[in-house]
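Worksheet: one structure, shown below.
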Amino acid sequence: MREFALSKNKLIESKFKELEDFIDSLENKKAELIIVLHKAQEIFGYLPREVQQFVAKKLDIHTSKVYGVVSFYSFFTMTPQGEYPISICMGTACYVRDSEKVLDEFKRLLGITIGEVTDDGKFSINVLRCVGACGLAPVVMIGEKVYGRVTPEKVSKILKEYE
């Protein structure tokens, strides 16, 4: 167990080092907060408090500014995501076309709810307010892939693509 903890710590250290190298390569660090946060999320998968504090320190800005940006933009997440993050649109067009039933089917099949990750770390579920593809409602995104006109009956077939 101790060996696992040591290798995990090395992995985390290497991620912080990668982020630090990226930040150090920037000319005008303070003006690049959003770019740095995108890179941090790419490296860590999400933006926990420790990563936000690290970014603030490296950019010489207050942590509250970093948190303000992270919490304002829906792209950033402060909770771990699955390997395949599932986002279900709950905008008006999607909602009136039963996106809530689609969400319920994802939750039922995966055994998780909004904001949770499956035990194997493969999937997480989130909702969005609008994807901007209203003509395809209801819309589901898995990672960057967009699925349109999704019905509860199509959910299991969609999930099989990721097995």
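Excluded from the calculations below are hydrogen atoms, water molecules and symmetry mates; all remaining heavy atoms, backbone and side chain alike, are included.
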After noting the C-alpha distance and the side-chain angles of Leu37 and Val69, does the key distance pass the side chain to side chain contact (heavy atoms under 4.5 Å, CB included) rule?
CA-CA 9 Å; Leu37 291 173; Val69 170; 3.6 Å; yes

Taking only Lys NZ, Arg NE, NH1 and NH2, and the carboxylate oxygens of Asp or Glu, determine whether Arg108 and Asp104 approach each other closer than 4.0 Å.
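Judged by the 4.0 Å cut-off on N to carboxylate O distance, Arg108 and Asp104 do not form a salt bridge.
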
Do [X] and [Y] make a side-chain contact, defined as non-hydrogen atoms from C-beta onward lying under 4.5 Å apart?
X: Val70; Y: Gln52; result: yes
X: Glu116; Y: Ile125; result: no
X: Ile88; Y: Pro138; result: no
X: Glu161; Y: Lys145; result: yes
X: Met141; Y: Ile86; result: no
X: Leu19; Y: Val55; result: yes
X: Ile112; Y: Val117; result: no
X: Glu18; Y: Lys39; result: yes

Assign the ring pair Phe76 / His38 to parallel, tilted or perpendicular, where the plane angle (0 to 90°) is split at 30° and 60°.
tilted

Should the ring pair Phe123 and Tyr84 be called parallel, tilted or perpendicular, given that the plane angle runs from 0 to 90° and is split at 30 and 60?
tilted

Does Phe44 have its ring centroid less than 6.0 Å away from the ring centroid of Phe16?
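Yes, they do, as the ring centres are separated by less than 6.0 Å.
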
Val140 pairs by side-chain contact (heavy atoms from CB on, under 4.5 Å) with which of Val102, Val146, Leu103, Leu128?
Val102

Would you find a donor on one side and an acceptor on the other, under 3.5 Å apart, between the side chain of Arg97 and the backbone of Leu136?
no

Heavy-atom donor-acceptor pair, Lys122 side chain to Tyr162 backbone, under 3.5 Å
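Present.
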
Does the side chain to side chain contact (heavy atoms under 4.5 Å, CB included) test come out yes or no for Leu109 and Ser156, once each step is laid out?
CA-CA 7 Å; Leu109 290 174; Ser156 63; 3.9 Å; yes

Please evaluate residues Tyr95 and Glu100 with respect to the criterion side chain to side chain donor-acceptor pair (under 3.5 Å), reporting the C-alpha separation (whole Å), side-chain torsions for both, the decisive distance (0.1 Å), and the verdict.
CA-CA 6 Å; Tyr95 190 81; Glu100 190 168 27; 3.0 Å; yes

Show the nearest heavy-atom pair for residues [X] and [Y], with the distance to one decimal.
X: Lys58; Y: Ile23; result: CB-CD1, 3.9 Å
X: Pro85; Y: Ser124; result: CA-OG, 3.5 Å
X: Lys30; Y: Leu59; result: CG-O, 3.2 Å
X: Ser71; Y: Met78; result: CB-CE, 4.1 Å
X: Lys29; Y: Asp24; result: NZ-O, 3.9 Å

Could you list the residues that satisfy side chain to side chain donor-acceptor pair (under 3.5 Å) with Thr77, not counting sequence neighbours?
Thr79, Gln81

Distance (rounded to the nearest 0.5 Å) between [X] [atom1] and [Y] [atom2]:
X: Lys57; Y: Asp60; atom1: NZ; atom2: CG; value: 11.0 Å
X: Thr113; Y: Lys107; atom1: OG1; atom2: NZ; value: 4.0 Å
X: Ile114; Y: Phe106; atom1: CD1; atom2: CZ; value: 12.5 Å
X: Ile158; Y: Glu105; atom1: CD1; atom2: CD; value: 10.5 Å
X: Cys94; Y: Arg129; atom1: SG; atom2: CZ; value: 11.0 Å

Would Tyr67 and Arg49 count as a side chain to side chain contact (heavy atoms under 4.5 Å, CB included) if you check the C-alpha gap in whole Å, the side-chain angles of each, and the deciding distance to 0.1 Å?
CA-CA 8 Å; Tyr67 175 78; Arg49 182 180 64 232; over 6 Å; no

Kindly write out the residues that satisfy side-chain contact (heavy atoms from CB on, under 4.5 Å) with Cys130, not counting sequence neighbours, or none if the list is empty.
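Expected list: Cys134.
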
